[in-house]
Engineer: 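Structure below; questions to follow.
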Amino acid sequence: MHLLPLLSFRYAEVRIVFEIEQRAIEEKIKRFCLEEGLPEPVLQWSWIPFSGHWGISTSFFALAAQEARQGGQVNIPERAQGIARAVADYLGRPAGFERVEAVKGYLNLYFSTPGYTQQVIDTVLEKGEDFGRGEPLNRRVMVEFSQPNTHKAFHVGHLRNVILGAAVANLLEFAGNEVIRANYIGDIGLHVIKWLWNYQKFHLGEEPGEDRIRWLGDIYAEAERRSEGSPEAEAEIRALFARWDRRDPQVVELWEKSRAWSLEGFDQVYRMLGVHFDRVYFESEVEEPGKKLVEELIARGIARDERPEGAVIVPLDEILGEKEKYRVLVVLRSDGTSLYATKDLPLAIKKFEEYNLDQSIYVIDVRQSLYLQQIFKTLELMGYDWAKNCYHLAYEIVNLPGNVTMKSRDGTVVLLEDLVREATSRALEIVRTKNPELSNEQQEMVAHAVALGAIKYSMLSRDNTKIVTFDWQSALDFNGQAAPYIQYAYVRANSILRKANQALPASQLPVYELSPVEIELVELISRFPKEVQRAAKEYRPLYLANLAYDLARVFNDFYNQCPVLQAEETVRAVRLRLVAAARQTIGNCLRLMGITAPNVM
RNA sequence: GCCCCUGUAGCUCAAUGGAUAGAGCACCGGACUUCUAAUCCGAUGGCUGUGGGUUCGACUCCCACCAGGGGCGCCA
């Protein structure tokens with residue numbers, strides 16, 4: 001898939017359990033092939049897909065096909081089964097496995113149930129919050145996300161970016177990278193000037209109330225309405241932009257004041273979402289460096305100055321000998337004012353200079369794909385080798401029903417504030433009926449966790465390339481495959497452990513026959529470390545969202561089928577540890593997604 | 001015109017190139033004297049947009065087409 005960058009490094013192999021046993025079997029199979037005069041096989045292991053059983057599986061179709069190419073006519077599936085059969089006989093029953101079978105060309109190796117269960121549970125409980133964490137990769141990555149514009153509303157369309165960016169940052173970090181979470185705030189540009197213009201003319205002296213973001217957003221939307229199609233207004237706005245450009249103290253003062261209001265609003269939002277940043281960049285800090293950089297580009301012949309008739313451009317296709325591929329990047333307006341590109345170039349450089357990054361990720365919606373390729377290409381032309389380590393993590397946007405895109409300028413938005421308030425009050429209503437004995441404070445905490453969890457999960461459980469259609473009904477639906485379901489499983493596990501009212505028993509080798517649902521639960525738990533690596537590699541929190549749901553579903557099943565506290569002592573001890581391991585793993589999944597796992601609900 | 005994304009159950013979405021394509025919602029029928037029913041069990045529902053190709057094997061990879069969405073010089 002072209003969206004994925006070529007990985008110039010290797011993620012550390014995940015070692016959980018049975019890796020040594022697997023290696024030994026690989027060796028034996030290779031030896032078998034050698035003895036039988038078969039080609040050396042390339043073994044790809046996967047999970048046995050039958051629920052209630054676990055183990056590892058590989059097939060011999062490739063080997064049979066290879067043989068067929070060298071020799072005569074062979075029925076591949078039959079031959080694959082023949083080899084699998086022979087290998088199974090050859091292997092006998094290796095240590096650590098309870099059964100080996102050959103089915104339909106597959107060799108299935110079933111783990112020894114008690115041993116595997118004990119190993120998985122012990123590993124989880126020993127590692128705790130670090131269960132699933134990858135080995136340090138000695139690799140530094142910056143994830144830039146959120147990038148809000150000051151003086152504008154913060155709406156549901158912006159939410160996906162924050163949630164995805166935060167989750168990807170968590171994932172990369174947990175997978176073993178050193179992660180720097182960066183924000184890049186649009187605190188200057190035409191939209192800001194329009195806001196200032198409207199404020200000066202119609203709202204002078206007003207101050208924001210509690211709900212800063214709404215107030216700021218309203219003034220902005222009004223500015224758009226007032227200026228649209230009015231040459232007079234546009235002239236005034238241009239004049240104001242010019243005053244800004246020469247740093248007229250009066251304009252700067254108002255800018256600073258209103259900008260601060262906006263930033264306070266953002267802080268509220270990020271606090272509510274539980275997101276933090278290690279480094280915050282501002283457009284205003286790279287505007288002047290950007291203009292200097294454009295001069296340099298012109299001097300070096302990379303950019304062409306077409307002023308005053310045209311703008312300053314980098315004719316990428318012309319330089320690269322391409323046709324309609326990279327097109328033309330405009331780096332400065334004809335009137336000398338800055339554009340996105342003017343600022344993104346110096347910002348990219350600054351990031352690498354400040355942090356000596358191995359990778360720089362831009363979490364930005366898919367509509368800016370071409371633009372970002374242009375930026376990266378221009379940096380490459382400037383001679384920056386690291387340009388190839390810039391990566392655009394594109395995601396699809398959040399639309400309103402009828403495929404209507406949210407736009408601050410049109411006011412066709414659902415404010416984040418409204419969504420969270422509505423979701424929280426709905427959740428509060430439910431928690432009050434379900435759990436009236438909780439204190440008000442507890443109920444509110446639960447409602448907040450549930451509401452935000454549901455919102456976050458609905459975005460993370462969808463692939464990055466899929467458009468999200470926002471509608472109130474499904475946004476406020478806490479049923480089915482949703483965060484509350486997962487949180488509830490966590491709470492149930494927690495409840496059992498609390499009621500056990502004892503320290504966790506010591507490590508146990510199960511001496512009773514485990515039920516299929518217990519086996520499935522252990523298997524899902526054991527997948528977590530690999531899923532972390534896979535999700536990090538592909539920048540897809542979706543994999544975690546799926547695993548978390550599967551864990552919750554199987555745990556609920558277990559909960560119904562397998563008594564814990566009432567069970568006889570040997571069973572009880574194992575199950576208590578299993579419950580603790582499930583709780584830990586579900587909790588780790590939720591934490592990476594930025595979703596709170598409440599203790600009660 | 002060039003480029004990108006999407007197309008799977010009525011709807012919203014899953015599914016390492018592998019074994020019988022799975023969930024949720026909706027609809028129908030069941031289960032609370034039990035570790036929290038925000039739960040569970042059962043039933044219904046499919047020519048994976050179409051046509052080729054690669055492969056032992058394709059929802060998955062390649063090509064063409066169809067449908068929807070997005071991007072392509074001074075917006076962000």
Side-chain angles (χ1 to χ4, degrees), chain A residues 1-3 44-50 57 59-66 68 74-80 103-106 108 147 149 186 189-191 306 310-315 323-335 337 339-341 364-371 373-374 394 396-397 399 403 405 409 427 430-431 433-435 450 458 461-469 474 477-482 484-485 487-489 491-493 495-500 530 534 542 545-546 549-550 553 556-557 559-567 575 579 600-601:
Chain A
M1 213 169 131
H2 93 285
L3 277 177
Q44 285 191 342
W45 297 96
S46 57
W47 298 301
I48 292 175
F50 311 131
S57 167
S59 71
F60 292 96
F61 297 110
L63 190 60
Q66 214 177 324
V74 195
N75 178 317
I76 306 274
E78 254 173 43
R79 179 60 183 148
V103 183
K104 295 181 180 177
Y106 289 83
N108 294 333
Q147 309 111 331
N149 282 328
L190 196 55
H191 72 280
E306 296 182 338
V312 181
I313 62 162
V314 178
K323 260 179 74 180
E324 299 192 87
K325 186 166 181 191
Y326 290 101
R327 315 279 166 158
V328 162
L329 178 65
V330 180
V331 290
L332 199 67
R333 284 202 190 87
S334 48
D335 65 2
T337 56
L339 291 157
Y340 244 36
I364 300 180
D365 81 60
V366 69
R367 294 171 300 183
Q368 296 197 37
S369 291
L370 174 61
Y371 167 72
Q373 294 320 306
Q374 291 175 327
E396 266 292 357
I397 58 175
N399 277 343
N403 224 12
T405 300
R409 58 191 311 161
I430 297 171
V431 74
T433 64
K434 302 274 181 197
N435 233 333
V450 166
S458 70
S461 61
R462 190 159 308 219
D463 216 341
N464 300 338
T465 53
K466 289 254 166 68
I467 294 172
V468 170
T469 301
S474 51
D477 186 2
F478 300 149
N479 296 313
Q481 185 170 355
Y485 179 89
Q487 291 168 317
Y488 185 62
V491 165
R492 280 179 144 181
S495 179
I496 291 175
L497 295 168
R498 192 179 57 243
K499 294 219 164 137
K530 280 186 180 170
R534 193 161 73 97
L542 167 67
N546 285 342
Y549 175 72
D550 286 341
R553 188 172 46 74
N556 275 322
D557 216 359
Y559 184 92
N560 279 305
Q561 289 180 38
C562 304
V564 178
L565 300 179
Q566 307 300 325
R575 286 189 177 160
V579 169
V600 290
M601 66 186 273

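Order of the sequence lines fixes the chain letters, A, B, ..., with proteins taken first and strands second; residue numbering starts at 1 for each chain. Source: prediction; values computed, not measured.
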Engineer: Between the main-chain N or O of A493(A) and the side-chain N or O of Y559(A), is there a donor-acceptor pair closer than 3.5 Å?
Structural biologist: no

Engineer: Rounded to the nearest 0.5 Å, what separation is found between the CD1 atom of I430(A) and the CG atom of N479(A)?
Structural biologist: 7.5 Å

Engineer: Base, sugar-phosphate, or nothing: which does L542(A) touch, judged by heavy atoms less than 4.0 Å apart?
Structural biologist: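 Sugar-phosphate, backbone atoms only, no base.
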
Engineer: Any side-chain heavy-atom pair from P563(A) and R575(A) closer than 4.5 angstrom?
Structural biologist: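 Yes. Closest side-chain heavy atoms under 4.5 Å.
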
Engineer: Identify whether any heavy atom of V431(A) sits under 4.0 Å from a base atom; if not, whether one sits that close to sugar-phosphate; answer base, sugar-phosphate or nothing.
Structural biologist: base

Engineer: Which part of the nucleic acid, if any, lies within reach of L370(A) when heavy atoms closer than 4.0 Å are counted: base, sugar-phosphate only, or nothing?
Structural biologist: sugar-phosphate

Engineer: How about N108(A) and S57(A): does a side-chain donor come under 3.5 Å of a side-chain acceptor?
Structural biologist: yes

Engineer: Using a distance-only criterion (donor-acceptor N/O pair, under 3.5 Å, no hydrogens), is the base of rC72(B) paired with the side chain of R327(A)?
Structural biologist: yes

Engineer: Remember a base hit wins even if backbone is also touched, and classify D463(A) as base, sugar-phosphate or nothing at under 4.0 Å, heavy atoms.
Structural biologist: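 Result for D463(A) = sugar-phosphate.
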
Engineer: With a non-hydrogen cut-off below 4.0 angstrom, is Y549(A) in contact with a base, only sugar-phosphate, or nothing?
Structural biologist: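 Since only primed, P, OP1 and OP2 atoms lie under 4.0 Å of Y549(A), the category is sugar-phosphate.
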
Engineer: Taking 4.0 angstrom as the limit, do R333(A) and D335(A) come out as a salt bridge?
Structural biologist: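 Judged by the 4.0 Å cut-off on N to carboxylate O distance, R333(A) and D335(A) do not form a salt bridge.
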
Engineer: Would a 4.5 Å heavy-atom cut-off, applied to side chains only, mark R79(A) and F60(A) as touching?
Structural biologist: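 No, side chains not in contact.
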
Engineer: Taking any heavy-atom pair under 4.0 Å as a contact, classify V579(A): base, sugar-phosphate, or nothing.
Structural biologist: nothing

Engineer: Select base, sugar-phosphate, or nothing to describe what R79(A) touches, counting heavy atoms under 4.0 Å on all strands.
Structural biologist: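 Result for R79(A) = nothing.
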
Engineer: If we only count heavy atoms from C-beta on, is the V600(A) to R498(A) side-chain gap below 4.5 Å?
Structural biologist: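 Yes; the side chains approach each other to less than 4.5 Å.
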
Engineer: Quick one: label N399(A) by what it contacts on the DNA or RNA (base, sugar-phosphate, nothing), any heavy atom closer than 4.0 Å.
Structural biologist: nothing

Engineer: If you check the K499(A) side chain, which of rA38(B), rU6(B), rC35(B) turns out closest?
Structural biologist: rC35(B)

Engineer: Indicate, with a heavy-atom threshold strictly under 4.0 Å, whether I313(A) touches base, sugar-phosphate, or nothing.
Structural biologist: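 Contact class for I313(A): base.
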
Engineer: Classify Q368(A) by what it touches in the nucleic acid, base, sugar-phosphate, or nothing, heavy-atom distance under 4.0 Å.
Structural biologist: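 Q368(A): base contact, heavy atoms under 4.0 Å.
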
Engineer: Considering only heavy atoms and no angle criterion, is a donor-acceptor pair shorter than 3.5 Å present between the side chain of E324(A) and the base of rG1(B)?
Structural biologist: yes

Engineer: Could you run down the sub-3.5 Å N/O contacts of the protein with nucleotides 53-56 of chain B?
Structural biologist:
unit_1  : atom_1 : unit_2 : atom_2 : d
rC56(B) : OP1    : R69(A) : NH1    : 2.9

Engineer: Give a yes/no verdict on base stacking between rA76(B) and Y340(A): centres under 5.5 Å, planes within less than 30° of parallel.
Structural biologist: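 Check passed, Y340(A) stacks on base of rA76(B).
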
Engineer: For the base of rA19(B), is there a side-chain donor-acceptor partner from S59(A) under 3.5 Å away?
Structural biologist: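 By the distance-only test, no, there is no pair.
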
Engineer: Taking any heavy-atom pair under 4.0 Å as a contact, classify D550(A): base, sugar-phosphate, or nothing.
Structural biologist: nothing

Engineer: For R333(A), report the nucleic acid contact type (base, sugar-phosphate, nothing); a contact means any heavy atom under 4.0 Å.
Structural biologist: base

Engineer: With a 4.0 Å cut-off on heavy atoms, is G105(A) in touch with a base, just the backbone sugar-phosphate, or nothing at all?
Structural biologist: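 Touches nothing.
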
Engineer: Side chains of L329(A) and Q373(A): closer than 4.5 Å at any heavy-atom pair?
Structural biologist: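 No, side chains not in contact.
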
Engineer: Would you indicate what V312(A) reaches in the nucleic acid, counting non-hydrogen atoms under 4.0 angstrom: base, sugar-phosphate, or nothing?
Structural biologist: nothing

Engineer: Name the closest nucleotide to the K466(A) side chain, picking from rA14(B), rU36(B), rC35(B).
Structural biologist: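 Looking only at heavy atoms from C-beta outward on K466(A), the closest nucleotide is rA14(B).
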
Engineer: Going by modelled atom types, is there a donor-acceptor pair between the base of rG70(B) and the side chain of E396(A) at under 3.5 Å?
Structural biologist: no

Engineer: Would you tell me if any nitrogen or oxygen in the side chain of R462(A) comes within less than 4.0 Å of OP1 or OP2 on rC13(B)?
Structural biologist: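 So the side-chain polar atoms of R462(A) do come within 4.0 Å of the phosphate oxygens OP1 or OP2 of rC13(B), strictly under.
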
Engineer: Whether the side chain of N108(A) and the base of rA19(B) hold a donor-acceptor pair under 3.5 Å is what I'd like checked.
Structural biologist: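 Donor-acceptor pair under 3.5 Å: yes.
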
Engineer: Under 4.0 Å between a side-chain N/O of Y326(A) and OP1 or OP2 of rG71(B), yes or no?
Structural biologist: no

Engineer: Taking OP1 and OP2 of rU6(B), is either one under 4.0 Å from a side-chain nitrogen or oxygen of T465(A)?
Structural biologist: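 The answer is yes; a side-chain N or O of T465(A) sits under 4.0 Å from OP1 or OP2.
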
Engineer: To the nearest 0.5 Å, tell me how far S369(A) OG sits from Q374(A) CD.
Structural biologist: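 Spacing of OG (S369(A)) from CD (Q374(A)) equals 11.0 Å.
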
